[in-house]
Number of protein chains: 2
Amino acid sequence: MTQTPSADAPADPVGFGRHDHASCIADGLAEAEARCAAKGLRLTPVRRKALEILLQEHRALGAYDMLDRLRAAGFGSQPPVAYRALDFLVAGGFAHKIECLNAFIACAHPGARHTPAFMICRTCEAVAEAQAAPARGSLGKAARASGFAIERTVVEAEGLCPACQGGAEGGAGDGAGA
Amino acid sequence: MTQTPSADAPADPVGFGRHDHASCIADGLAEAEARCAAKGLRLTPVRRKALEILLQEHRALGAYDMLDRLRAAGFGSQPPVAYRALDFLVAGGFAHKIECLNAFIACAHPGARHTPAFMICRTCEAVAEAQAAPARGSLGKAARASGFAIERTVVEAEGLCPACQGGAEGGAGDGAGA
DNA sequence: GCTTGTCATGTTATCTTATATCATTTAAAC
DNA sequence: GTTTAAATGATATAAGATAACATGACAAGC
């Protein structure tokens, strides 16, 4: 079931479009280190490793998948190990939880105060993060009309990414252009 | 955007504020019966009871809460009993799943083909359903820009309902009650 | 009436996701 | 170096969800 990308795929099929994935990881870690230093947060080894694991894929990872990988990296092997690291990353804005998958993904816009929205491919499981402004649309209108005070929003769209449309739905195909 | 309060909301967010709750239940059941008859779906006793249970509250119910109530009503007591009834209701558009709560709620606009959005009070747990148009806002823009084809959206807002703002957070107002 | 196919239900078992709790260790502050 | 707070390790269990199979209800066809 596992598709282990990034092992031998030169161009990552995930993330909707090609990009310099190595810099995704390096930049994400550097950004997290800088922000933790600035805010007095402690990016401990297990937390750093968890973030690195998330950054390796543009897809959401379940807590137990994370746990497996942390264990493989020599960290503890009980659920709280993964959940605590993930909680830290989410609280610090370095990762997000995808509610409809019960899974976690590295934040694509760390540092920015933002309201994330996610596009989730149901075939290849790639996830792209966009900015949402739900409070400005019909939801915001309904909230104002009813007096509801929005504190946090969850916006997730499930569908097909460019590579998985048009019959190439097996996903993961290298040659799949847009 | 327009900020006209309360006057022009096309679909009122049932759940916050007082209303004839008895008719919520009666109307919901009648609507479901009519739509099942029209579509050849079977609203069996356990399914009907599950819908009635959901309609009794403007808040989300976990599958195991549902199971408890179904058991109390004389139906089976194993998880699939609740999950099957809930699956039927969700598939038929009579109920929705609130992803960030892992819980279920009766649809407030049955019959209408719609993209629901939810406002969830973190204090009293009341949930109101509104209409969303996520594909028209920044999410839709991002989807078009990246070539992502949206099939389903999850839009949920967590915050405080009118009754729970301003110190009266015990849910004293009980806007959804009786 | 009986058979057959289909859908729904009951039940067992198991799997996945998540948290409470307490002991121990590490890092930092003094 | 001692104190203190935070982080980690480990055990146990709660909560959410599904797979698999047996039984039952009911309509269609013989």
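Numbered from 1 within each chain, the chains take letters A, B, ... in sequence-line order.
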Item to complete: Please check if any side-chain donor atom of B/H109 sits under 3.5 Å from a side-chain acceptor atom of B/E129, or the reverse.
Response: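 No.
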
Worksheet item: Is any side-chain heavy atom of A/F148 closer than 4.5 Å to a side-chain heavy atom of A/I150?
Response: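 Yes. Closest side-chain heavy atoms under 4.5 Å.
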
Discussion item. Taking any atom closer than 4.0 angstrom to a non-hydrogen atom of chain A, what span of DNA chain C does the protein reach, first nucleotide to last?
Written reply: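 That gives a stretch of C/dT17 to C/dA27.
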
Discussion item. Show, in sequence, the C-alpha distance, side-chain angles and deciding distance for B/R152 and A/E156, and conclude whether the salt bridge (Lys or Arg N to Asp or Glu O under 4.0 Å) test is met.
Written reply: CA-CA 8 Å; B/R152 184 178 83 98; A/E156 300 168 2; over 6 Å; no

Discussion item. Strictly under 4.0 angstrom, non-hydrogen atoms only: write out the protein contact profile of nucleotides 7-21 of chain D, one letter per nucleotide from the 5' end, B, S or -.
Written reply: SBBBB----BBBBB-

Worksheet item: With no hydrogens and no angle check, is any side-chain donor or acceptor of A/R136 less than 3.5 Å from a backbone partner on A/K141?
Response: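 Not confirmed, A/R136 side chain does not pair with A/K141 backbone.
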
Worksheet item: Is there a donor-acceptor contact under 3.5 Å from the side chain of A/R59 to the main chain of A/C121?
Response: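 No; judged by distance alone, with no hydrogens or angles, the pair does not exist.
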
Worksheet item: Run the salt bridge (Lys or Arg N to Asp or Glu O under 4.0 Å) check on A/E33 and A/R47 step by step: do they pass?
Response: CA-CA 11 Å; A/E33 269 163 11; A/R47 292 167 175 175; over 6 Å; no

Worksheet item: CZ of B/R122 to SG of B/C164: how many Å apart, nearest 0.5 Å?
Response: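 Spacing of CZ (B/R122) from SG (B/C164) equals 9.0 Å.
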
